[in-house]
Undergrad: 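Okay, handing you the structure first.
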Amino acid sequence: MGAITADTTIEELAALVSQALERAGITATLSGGAAVSLYSENEYESVDLDFVSSARLDEIGTAVESLGFHRAGKGRQFENPSTRWYLEFPPGPLGFGETNVRDESVPVLHTRFGPLRVVTPTQSVMDRLAAYMHWHDNQAFDQAAMVARRHDIEWGALESWAISESGDADVISRLRRKIER
């Protein structure tokens, strides 16, 4: 395993963290802006890596200390002076709006740096659209489009999800129009 330096990419860092957590018996899934960074080829650049986990913070801290991360204060954030990215550990379960996802249904992406537990591109779009629908976050809508432009999205699943979240699939139609431009 390589040492974390200022030149470590977000993909490499995500894989290193995911593997350290798995070795410690902790299931944690990369989601949020870092997943968008990966799936958008850094068109959007996240400042943190959100790993959703139901593990206790002391267990997580022990696992990521091996990579040089230390808890920043009393929150769920961990920092390493060798990298500009910090880690956050939102509490599980993994979910997009009101829709929860079982840990075992999240695939492991095999990167050139090793395995990484990360939401799928479709789930990443759901995550960003949930932020857009619930908090009117226009940047999140743009991030959903960045991912959808580059990946095969399960449009039927996305539309069903949008209807269950808001009773309206119009957001999916708007997203399709945006990526077709």
Undergrad: Determine, using the 4.5 Å side-chain heavy-atom cutoff (strictly less than), whether V125 and M133 are members of one ILVMFWY cluster.
TA: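 Yes, because V125 and M133 connect within a single hydrophobic cluster, where side-chain heavy atoms sit under 4.5 Å apart.
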Undergrad: List the steps, then state whether salt bridge (charged side-chain N to carboxylate O under 4.0 Å, His left out) holds for E79 with R71.
TA: CA-CA 6 Å; E79 298 173 343; R71 195 165 176 189; over 6 Å; no
Undergrad: Looking just at side-chain N and O atoms, do E98 and S164 make a donor-acceptor pair shorter than 3.5 Å?
TA: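 No, because no side-chain N or O of E98 sits under 3.5 Å from a partner of the opposite role on S164.
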Undergrad: If you measure only the distance, is there a donor-acceptor pair under 3.5 Å linking the side chains of D48 and S46?
TA: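 Yes.
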Undergrad: Is the CD atom of E65 crowded by more than 12 outside heavy atoms at less than 6.0 Å?
TA: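 Yes, CD of E65 has more than 12 neighbouring heavy atoms, counting only those of other groups under 6.0 Å.
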Undergrad: For residues 100-107, run the donor-acceptor check on the side chains, cut-off 3.5 Å, and write out each pair with its distance to 0.1 Å, sequence neighbours left out.
TA:
residue : atom : partner : partner atom : Å
R102    : NE   : E104    : OE2          : 2.9
S105    : OG   : R102    : O            : 2.7

Undergrad: Quick one, M126 with T99, criterion side-chain contact (heavy atoms from CB on, under 4.5 Å). Give me CA distance, side-chain angles, the key distance, then yes/no.
TA: CA-CA 10 Å; M126 283 178 191; T99 303; 5.7 Å; no
Undergrad: Check ring-ring contact (aromatic ring centres under 6.0 Å, His included) between H151 and all other residues, then give those that pass, not counting sequence neighbours.
TA: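 With sequence neighbours excluded, H151 shows a ring-ring contact (aromatic ring centres under 6.0 Å, His included) to Y39, given in chain and number order.
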Undergrad: For the atom pair CG (D50) and OG (S31), what is the distance rounded to the nearest 0.5 Å?
TA: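 Separation between the atoms: 7.0 Å.
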Undergrad: How long is the gap from CD on Q123 to CG on L94, to the nearest 0.5 Å?
TA: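 With rounding to 0.5 Å, CD (Q123) is 6.5 Å from CG (L94).
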Undergrad: Can you tell me if T111 uses its side chain to pair, donor with acceptor, with the backbone of P115 under 3.5 Å?
TA: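 It does not hold such a pair.
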Undergrad: Could you check L38, L16, T29, V108 and say which one makes a side chain to side chain contact (heavy atoms under 4.5 Å, CB included) with L116?
TA: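 With L116 as partner, side chain to side chain contact (heavy atoms under 4.5 Å, CB included) holds for just one option, L38.
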Undergrad: Can you tell me if S124 uses its side chain to pair, donor with acceptor, with the backbone of T120 under 3.5 Å?
TA: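 Side chain of S124 to backbone of T120: no pair is present.
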Undergrad: Answer yes if L158 and I179 sit in the same cluster of Ile, Leu, Val, Met, Phe, Trp and Tyr residues linked by side chain heavy atoms under 4.5 Å apart, and no otherwise.
TA: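 Same cluster: L158 reaches I179 through Ile, Leu, Val, Met, Phe, Trp or Tyr contacts under 4.5 Å.
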Undergrad: What is the distance from atom CD1 of I172 to atom CH2 of W161, rounded to the nearest 0.5 Å?
TA: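 It comes to 6.5 Å.
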Undergrad: Under the side-chain hydrogen bond (donor to acceptor under 3.5 Å, both in side chains) rule, what pairs show up with a residue in residues 52-63, not counting sequence neighbours?
TA: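 Applying side-chain hydrogen bond (donor to acceptor under 3.5 Å, both in side chains) to every pair that reaches into residues 52-63, excluding sequence neighbours, yields R56-D58, R56-E59.
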Undergrad: For G156, does its backbone N or O pair with a side-chain atom of S160 as donor and acceptor, under 3.5 Å?
TA: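 Side chain of S160 to backbone of G156: a pair is present.
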Undergrad: Only pairs under 3.5 Å count here: list side-chain donor-acceptor contacts from residues 141-148, not counting sequence neighbours, and write none if there are none.
TA:
residue : atom : partner : partner atom : Å
D142    : OD1  : K178    : NZ           : 3.2
Q143    : OE1  : R128    : NH1          : 2.8

Undergrad: Please list all pairs meeting ring-ring contact (aromatic ring centres under 6.0 Å, His included) that have one or both residues in residues 9-37, counting only residues at least two apart or in different chains.
TA: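 Passing the test, one end in residues 9-37: no pairs.
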Undergrad: Are there over 12 heavy-atom neighbours, none belonging to E154, within less than 6.0 Å of that residue's CD?
TA: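 At most 12 heavy atoms, drawn from other residues, nucleotides or ligands, come within 6.0 Å of this atom.
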Undergrad: Let's go through W155 and E159 carefully: what are the C-alpha distance in whole Å and the side-chain angles of both, what is the deciding distance for side-chain contact (heavy atoms from CB on, under 4.5 Å) to 0.1 Å, and is it a yes or a no?
TA: CA-CA 6 Å; W155 290 103; E159 187 170 294; over 6 Å; no
Undergrad: What residues form a ring-ring contact (aromatic ring centres under 6.0 Å, His included) with F69, not counting sequence neighbours?
TA: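 Residues passing ring-ring contact (aromatic ring centres under 6.0 Å, His included) with F69: none at all.
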Undergrad: May I ask you to decide if I4's main-chain N or O and T8's side chain share a donor-acceptor pair within less than 3.5 Å?
TA: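 No: the side chain of T8 does not pair with the backbone of I4.
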Undergrad: Does this structure show an ion pair linking R112 with E12, if we count only N-O contacts that are shorter than 4.0 Å?
TA: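 Not counted as a salt bridge, because no side-chain N and carboxylate O are separated by less than 4.0 Å.
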Undergrad: Would you find a donor on one side and an acceptor on the other, under 3.5 Å apart, between the side chain of T83 and the backbone of A6?
TA: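 Pair absent, no side-chain N/O of T83 close to backbone of A6.
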Undergrad: Is there a path of hydrophobic side-chain contacts, each under 4.5 Å between heavy atoms of I, L, V, M, F, W or Y residues, that connects V64 with L57?
TA: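 Yes, it is one cluster - the side chains of V64 and L57 are joined through contacts under 4.5 Å.
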Undergrad: Look at E45 together with R84 and state whether they make a salt bridge at an N to O cut-off of under 4.0 Å.
TA: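 Answer for the salt bridge query: yes.
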Undergrad: Are the side chains of R76 and P91 in touch, meaning some heavy atoms are under 4.5 Å apart?
TA: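 Side chain of R76 against side chain of P91, heavy atoms only: contact under 4.5 Å found.
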